[in-house]
Amino acid sequence: MKLDTNWQATEQTNISLNDVRGSIVFKDVVKKYGAVHAVDGVDLEIEHGELVTLLGPSGCGKTTTLRMIAGLELPSTGTISIGGTDVSRLPATYRNVSMVFQSYALFPHLTVLDNVAYGLRMSGTKISQAREKAEDALSMVGLAGFGARLPSELSGGQQQRVALARAIVLEPEVLLLDEPLSNLDAKLRRYVREEIRALQQRIGVTTVYVTHDQEEAMAVSDRIIVMEQGRIAQAGSPADLYHSPKSAFIASFIGEANLIPCVAAIAADGSRIAEISNYTFAVPKSEVSPGEATLVIRPAAISFSANADEGIPSMITSAAFLGDRVLYSIETPIGRLFYVEYTASIRHPDRTEVNITLDPAKLHLV
Amino acid sequence: MLGLAAYCLLPWYGVDYGIFEPDWIEAGGLLSEAGASGLLRMLVFRDATMAIPAIAFLVLIFAGSSVRLSRRLSVLSMAAAIFALCAIVLHIKTGGSPIRSFGYGSTLVITTLFLSVTNLWSRLGSGNRDAFVVSSIAFVCALILLFVFYPIAQILVQAFVDKQGSFSVLGAFRIATGGDIWSIGCLLGKSRCGVAVNSIILGLLTATSTTILGLAFALLMSRTRFPGKPLLRALAVLPIITPPFVIGLALILLFGRAGFVTDTISGLLGLEASRWLYGLWGIWLGQTLAFTPIAFLVLTGVVQGISPSLEEASQTLRADLSSTLRTVSLPLMKPGIANAFLLAFIESLADFGNPVVLGGADNVLSTEIYFAIVGAQANMMRAAVLSLILLALTLTVFMIQKRWLGRTDFTTITGKADNGANSMLSRNHKIVVYGLTLPWMCFTTLIYVMVFYGSVVKLWGQDHTLTLAHYREAFEIGWSDGGIWWKGAAWDSFWTTISISAIAAPLTAGLGLLTAWLLVRQKFAGRSTFEFLTMLSFAVPGTVVGVSYILAFNNAPIELTGTGTILVLCFIFRNMPVGVRGGVAAMKQLDNSLDEASLTLGANSFKTLRHVVLPLMRPAIISAIAYSFIRAITSVSAVIFLVGTDHNMATAYIIGLVENGSYGLAIAYSTVLIVVMLVVVTILQVAFGKTRLRREDRIGQQLSRPVVA
Ligand SMILES: Nc1ncnc2c1ncn2[C@@H]1O[C@H](COP(=O)(O)OP(=O)(O)OP(=O)(O)O)[C@@H](O)[C@H]1O
Ligand SMILES: [Mg+2]
């Protein structure tokens, strides 16, 4: 599937040399493990300075894609270029790419400072200079003064930041992060992801970030690439993916959605309508071809009707109060719908009859 | 109950005959003075002490029959049982002369009384003390004290008793510091070295060579795309099922005075055949061949235990393959390598088979002990002193090893692991590794070919016609009127070996796994001491065990020498640590929540062990049994002191053949042993699924997850 990059076409017209540095291009890349196609024909382009997330369910090939960028796996077929040079056959050692591992992979026998200085030492920097730079990197992640400790003497969050410092100290063209937050607790996660985003913006390094948490992806990325079974299902900005999903899979994966089977038809004015039993809904934004389709109803598209003779007659089957919002489950003639209302109390308790209306501007057909 | 029956029916004192043989009946059976059971002794022969166990049993039965036991009653019955125990032991030590030994009856009575005490003790304790657990702990401790520590204590005593039977500290001191033990003359290029110095030099040489070769093989196995890996695995298993002196024999066939290579070279170069093989260099070669596979197995775990993501991280940080190995992998392997080194050092010190075959003029501690006992002037005192020196050496190394392992912490960095593979070797390292391993593999293969070839030629060095005469001499089967007639010379010791090993193996595995279960799943005071004690018996060299057993169990009250029982006991306590280690490794992989689930479902700890833990541990059990069986068949060092005329073991018999120069017969017999063990292991594997290597693979994978520092 060819990556849709139209939304950026204007910015791409004049490419300076600086923009090529740190760009990543995949051309029809396949990675096979025996009979398994872990990555099955991926084309993608990532620009200099972008923060792109790879998102998808477990086993969809995110880590494999990332490891191919790092050079830890070489593609079975297809080409990968980084910064305009073909690196398809170049092993990790010789690529200008750094990676933060999911387990952090800090060397347990080296101190924090030596861990951070390791990459510099390996590329031939003098020891004193390497240490100096490592100190700087440590203070950049807020760990100045921790240099003499061993990794095992740090907390999980601190270890994570050491791993980050170790990666950025090399000033790589590309920074790779494999589920960097998965070993942190929920509170810390939000904080650290903001830190990572801020740091990335500050040093302007091209970053590829793997996660399977869609909220995390939406929060940090310039662009999200959703993968499914080794292929790219859709790529675009967070808002793009949310507002115009290309498939039911994307619609359900990005944000909450009610997916209702329907028949798509073309109205007299050429716009689309969705037919479900004897109801029809106008879906002005859609361009889907007529026939069987799925109507995507985000909770935000639903509202309770103000008067009783308007909208679809329905019944509340459960109502749960969560403090700032109420979760409703509503039985309707077109199917059961999930609805979130931001109010201070339950307006319609269990077993009450209500009428609901759908906002056509917030409906999608896929 | 069982105890009571034994008290009534079985002979109290040790008798010279088996209880089912007609001899015993003729001698008066139960009704004679010597053969009477405890009950009869009291009633018929007016032996008043015998009333004590009777009373104790009555109290116990009374206590046992009341459902809700009052605290006072338990204390009372426990006191009665303890009193009876003490009385029995004291009675047999002091009562009458000559001192008589424990018989079936008294052994069983003591055991049941002991178990009752632990049982009652567990009921007294706070609620969560489970009777089965308490009894097991006490039982295992008592056995280890009796069969490991008591014999060693006997050596300690014997070391200070001179030939005239008088106590002599000075004598012991004189032996212990003698020039024949500690001289370092050979290092100064003058005369010979002392035996202890020989042992240490040999240990250092062997440990160095096996560790280097083992590491090279481990790297070859897991860091290259070497095509012959299955062959490598087979070669690694072979030495485990090879009796320890076989490699020495093969070396003699190759490099000995009439050896194949020696002949060829002296023929070519006109040099005179030298005797270099018979001495330290020969033993070193033999031990390196024999122990490299052990180092290989240990180091494979270490090499695979390095987390792949650490090596990958190093590569993303611009390190190439060589620097990754140098700066990340090797430093992480350092504790494991040191461990392998110390292990090989202990093995070398304790080895008896290679030195006895190849030693020639250079004796080491283990052979010197043997010759002190079987030599012209049997010198128990010297043997005991030497044993203590050897024991001190191995224990010191063992302690260092424990310390070392204890200090390295296994830092597990949390969370789900990265997938990824360990990095391959760089080109230069690959050249080194191939250069070391390939010739050595060929050499090992050649050794085994020699073993087989040597068994089918008529007379090595003189008449190389092929013949099956050696096999016929050892294993001929004839027919007589009664049925099969086991005509060959080897059958006798062969059947003894097989049956004794077959008895010892399940007992070893059972005791080992029970101990492992206690160590892993039960929390009790003194657990680490308990663990240390069980593993300590691993560090006691076989020769020392042999000496200690003849000292401890030669006379009343426990008279076992020359019986099959002493061999079985010796095997159980020598091989138990293997079962413990296997069991601990396997049990650590079973989630404790399984046990807890079973306990919350109302099963007690015995039922949990029986229905939950054991079924899940079947592979570990099978491999423990297989391994103890093999170790029992192949062991030499302890056995050689303990075999009697009725119970000759195959290995001891073969050593005898070697001493007489019947190499052909010895090698033929060894070949048969190897084949038999191969068949047994294969049957076990086929019948119960893959055992040993497979399990280690899984442990290896398990290890590769946490970061081993
Ligand atoms: N070394 C390997 N050998 C064989 N199959 C592999 C290997 N590595 C990955 N795979 C397979 O390739 C597919 C993609 O794996 P990958 O690790 O890229 O998934 P992922 O998207 O990172 O999943 P997760 O979110 O669980 O980390 C999976 O089906 C996996 O089983
Ligand atoms: Mg992954």
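Throughout, a chain's letter reflects where its sequence line sits, starting with A, and its residues are numbered from 1. These numbers come from a predicted model, not from an experiment.
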K.L.:
List the atom of B:L310, the atom of A:P108, and the distance in Å for their closest heavy-atom pair.
P.N.:
CD1-CD, 3.8 Å
K.L.:
Take atom OH of A:Y33 as the centre, draw a 6.0 Å sphere, and report whether it contains more than 12 heavy atoms from other residues, nucleotides or ligands.
P.N.:
yes
K.L.:
Rounded to the nearest 0.5 Å, what separation is found between the CG atom of B:L332 and the CZ atom of A:F107?
P.N.:
8.5 Å
K.L.:
Between B:P331 and A:H109, which heavy-atom pair has the shortest distance, and what is it?
P.N.:
CB-CD2, 3.4 Å
K.L.:
Distance from B:S309 atom OG to A:M99 atom CE, nearest 0.5 Å?
P.N.:
9.0 Å
K.L.:
Would you find more than 12 non-hydrogen atoms of other residues, nucleotides or ligands less than 6.0 Å from B:R225 atom CZ?
P.N.:
no
K.L.:
Side chain, backbone, both or neither: which part of A:P172 has a non-hydrogen atom closer than 4.5 Å to chain B?
P.N.:
both
K.L.:
Do the side chains of A:L120 and B:R318 get nearer than 4.5 Å, heavy atoms only?
P.N.:
no
K.L.:
First locate atom OG1 of B:T316, then atom CZ of A:R67, and finally report the distance between them rounded to the nearest 0.5 Å.
P.N.:
10.5 Å
K.L.:
Under 4.5 Å heavy-atom distance to chain B, tell me which part of A:R166 shows up: side chain, backbone, both or neither.
P.N.:
both
K.L.:
Taking atom NZ as the centre, does B:K334 end up with more than 12 heavy-atom neighbours from other residues, nucleotides or ligands that are less than 6.0 angstrom away?
P.N.:
no
K.L.:
Looking at A:E171, I'd like to know if its CD atom is crowded, meaning that more than 12 non-hydrogen atoms belonging to other residues, nucleotides or ligands lie closer than 6.0 Å.
P.N.:
no
K.L.:
Within a strict 4.5 Å, meaning less than it, do heavy atoms of the A:Y118 and B:T327 side chains meet?
P.N.:
yes
K.L.:
Has A:Q229 got more than 12 heavy atoms of other residues, nucleotides or ligands less than 6.0 Å from its CD?
P.N.:
no
